[in-house]
A.B. asks: 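Below you'll find the structure I mean.
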There are 2 protein chains.
Amino acid sequence: MVKRIMATPTLEDVARLAGVSRATVSRVVNGTRNVDPDLQETVRNAIEQTGYTPNHAARSLVTRRTGTVALVISGAGGGSDVFVDPFFGRVTAGVVDFLRTRGVHPVLMLADTDRTRVDVVEFLRQGSADGALLVTTHAAESLPERLLAAGVPTVLYARPGRPMPVSYVDLDHQAGGRLAAARLVELGCTSVGAISGPLDVLASQDRLTGFRDAMARNGFPYVPVAEGGFTAASGHAAMGRLLVEHPEVDGVFAANDLMAQGAVDVLLEHGLRVPQDVAVVGFDDSAPALACRPQLTTVRQPVEAMAAKMAEVLITSLEDPEQRPISVIFEPELVIRASA
Amino acid sequence: MVKRIMATPTLEDVARLAGVSRATVSRVVNGTRNVDPDLQETVRNAIEQTGYTPNHAARSLVTRRTGTVALVISGAGGGSDVFVDPFFGRVTAGVVDFLRTRGVHPVLMLADTDRTRVDVVEFLRQGSADGALLVTTHAAESLPERLLAAGVPTVLYARPGRPMPVSYVDLDHQAGGRLAAARLVELGCTSVGAISGPLDVLASQDRLTGFRDAMARNGFPYVPVAEGGFTAASGHAAMGRLLVEHPEVDGVFAANDLMAQGAVDVLLEHGLRVPQDVAVVGFDDSAPALACRPQLTTVRQPVEAMAAKMAEVLITSLEDPEQRPISVIFEPELVIRASA
DNA sequence: CTGAAAGCGCTAACAC
DNA sequence: GTGTTAGCGCTTTCAG
């Protein structure tokens, strides 16, 4: 059998083989309109024989749809190592999980410099993707407005730094802070401190605010705070500082599990027992919470569900472009384990 | 100022405004061929004024290039939660890091069922991406041959289950196993056990083989093995089994850090000290190695560098399709910390 | 060095 | 219910 080098088959080829017009083939491929069952059969055979696959570029040139969305991670100052943060892994999991059911694929983009931010906007303006899912933490992030200005359908994970008509999903971070405070109070802590996330991150501010407010309402007007950077190392350092200034501390709220883990380490190194001497509450309920010894009592953020919702909101707004912005706020939940 | 609703500008619009032909505009946009400097200036202004951005679909319809590649994660049985595994985060980081310098974007795909595998091939055949980066662990994975059969430029992370003409990057896993054995022997362990990864994963087999061979060469003809699944929980369970059957064990090699972490937990729970009573060596040198207490002595796999290389190989083979398959094997390295 | 013209492969009115 | 006919916006010979 002689094999011939043949170009990939097109609609035209299928149509010719099936003895019908391109339009008809297109119709059966896309399942649009009614097509005579017999013809459908013929066409399907022809498709089978030729090994035809529709060309994506040609299709999206006319439909103006690509079937992909950009998943933009606007890392802090960090580069690609954000992907090592369990948080982003969970976001990705949630997004992929939802999108795959709709045949939509996420393209991963990092926006950590002005240059890459411009690239993202460019990418979307070129129509390389139908919309953007933006996971940003920094309040000052400029991407939301740029995307909005470019008319790109966008959904944010976390509310925008400045109010603007854009859809987003978010967690009630303040409620989360309150949950942590309640736990520490319930445990009878008399001297509590907090390890916050970067304070230019809205979520960090909110968690801290909620925590402080609840503590204040419980008779603790002042809570010492050490700022961390959402990494274990920064939590370690922050706990160290807290310990120096307030050696009497017997309760700590860390704004994420990674930092809580770092804090627990320091405590243990100092011969303090957790939770007997110092109770520690984390935030997120991601992998480190379980890996940590003792396992972390933490405020659960349903990241996967939130990410999936974000994707869902984008897909629906792609279907109905006139739709007004939507916001969905999730409630945190206290998960009690061993550390507090 | 009255704002008009205007369609996004096309080459045509720019050409008209600049008083030149579309071809000329195309040339300056793409920097192909020489164009009169004055005209270039004019054209650039026109582009500026119109806010023109080339349409991706139209361009790739003719160039047959998309500027994206598929990053396919062929998860074990698992679904989207593979993204929580630090290994994939590192792969992603390495890939993104390299690709961004070349203006190429990865689209994330999960291939965990036959259906999704077909989708992946379909996606590539449609020309939705220029090539595939396949991260697969299972030896029986069918995607490599399917992709090869479809003529899709592909690079694998890990050698294929069956020999075939495809490019890949890999680690010398056996050497890694030997490194671990050498450490345990050096420490004077007299009864060692191993926690392997899933045995249908080539890397697991190789790590174990290398470990066993080296142990045998050092006078240990038999090494008890408990099979795990690369998760902390499975490592925990495996260590438990090992301990029941061989309570005298004083050295353990776990085929990845997550399992090593689980193993350490069990050991500690049983009142055994690490490394004094039992030495533990992990594999990968990923985040859990550092988070673990004691910190893990482990065999380093340079995942990010390997992933970057994988992307590089793909990009070069995209540029020269005639190029023969390439393989790049990385060497592991022992990282000594506290656990062994 | 620049313009004219021919498609890339597909969908979507619009007739029949 | 099916075919005809325009394009979608761009690159690229091929002349000039």
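Throughout, a chain's letter reflects where its sequence line sits, starting with A, and its residues are numbered from 1.
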A.B. asks: Out of C/dT11, D/dG9, D/dT2, which nucleotide sits closest to the side chain of A/S26?
C.D. replies: C/dT11

A.B. asks: Nearest whole Å is fine: how far is C/dC8 C1' from B/R65 CZ?
C.D. replies: 16 Å

A.B. asks: What is the distance from CZ of B/R16 to P of C/dA4, rounded to the nearest Å?
C.D. replies: 14 Å

A.B. asks: Any idea which of D/dC8, D/dT2, C/dC8 is nearest the B/V62 side chain?
C.D. replies: C/dC8

A.B. asks: Pick base, sugar-phosphate or nothing for B/R27, based on heavy-atom distances below 4.0 Å to the nucleic acid.
C.D. replies: base

A.B. asks: Of B/F330, B/F87, B/Y168, B/F88, which meets ring pair (Phe, Tyr, Trp, His ring centres under 6.0 Å) against B/Y157?
C.D. replies: B/F87

A.B. asks: Counting heavy atoms from C-beta on, name the nucleotide in C/dT11, D/dT4, D/dG9 closest to the side chain of A/A23.
C.D. replies: D/dT4

A.B. asks: Taking CD from A/E12 and P from C/dC10, how many angstroms apart are they, rounded to a whole number?
C.D. replies: 10 Å

A.B. asks: Does B/R162, at its CZ atom, have more than 12 non-hydrogen atoms belonging to other residues, nucleotides or ligands within less than 6.0 Å?
C.D. replies: yes

A.B. asks: Tell me the interatomic distance from B/N55, atom CG, to D/dG9, atom P, rounded to whole angstroms.
C.D. replies: 7 Å

A.B. asks: Strictly by modelled atom types, are A/N30 and A/R59 linked by a side-chain donor-acceptor pair under 3.5 Å?
C.D. replies: yes

A.B. asks: How many whole angstroms separate atom CZ of B/R59 from atom C1' of C/dG9?
C.D. replies: 18 Å

A.B. asks: Rounded to whole angstroms, how far apart are NE2 on B/H56 and C1' on D/dC8?
C.D. replies: 15 Å

A.B. asks: Among D/dG1, C/dT11, D/dC10, which nucleotide sits nearest the side chain of B/A58?
C.D. replies: D/dC10

A.B. asks: If you only use heavy atoms from C-beta on, which nucleotide in D/dC10, C/dT11, D/dG9 is closest to the side chain of A/L61?
C.D. replies: D/dG9

A.B. asks: Kindly say if B/S21 contacts the phosphate of C/dA4, meaning a side-chain N or O under 4.0 Å from OP1 or OP2.
C.D. replies: no

A.B. asks: Would you mind reading off the distance between A/L11 atom CG and C/dG9 atom P, rounded to a whole angstrom?
C.D. replies: 10 Å

A.B. asks: Return yes when atom CZ of B/R115 has more than 12 non-hydrogen atoms of other residues, nucleotides or ligands closer than 6.0 Å, and no otherwise.
C.D. replies: no

A.B. asks: Can you see if the side chain of A/T10 gets near the phosphate of C/dG9 - specifically, an N or O under 4.0 Å from OP1 or OP2?
C.D. replies: no

A.B. asks: May I ask you to verify if any side-chain N or O of B/R64 is less than 4.0 angstrom from the OP1 or OP2 atom of D/dT11?
C.D. replies: no

A.B. asks: Of all heavy-atom pairs between B/L17 and B/Q49, which one has the smallest distance, and what is that distance?
C.D. replies: CD2-OE1, 3.8 Å

A.B. asks: On the nucleotide C/dG3, are OP1 or OP2 found under 4.0 Å from the side-chain N or O atoms that B/T24 carries?
C.D. replies: yes

A.B. asks: Quickly work out the B/R22 CZ to D/dT11 P distance and round it to whole Å.
C.D. replies: 10 Å

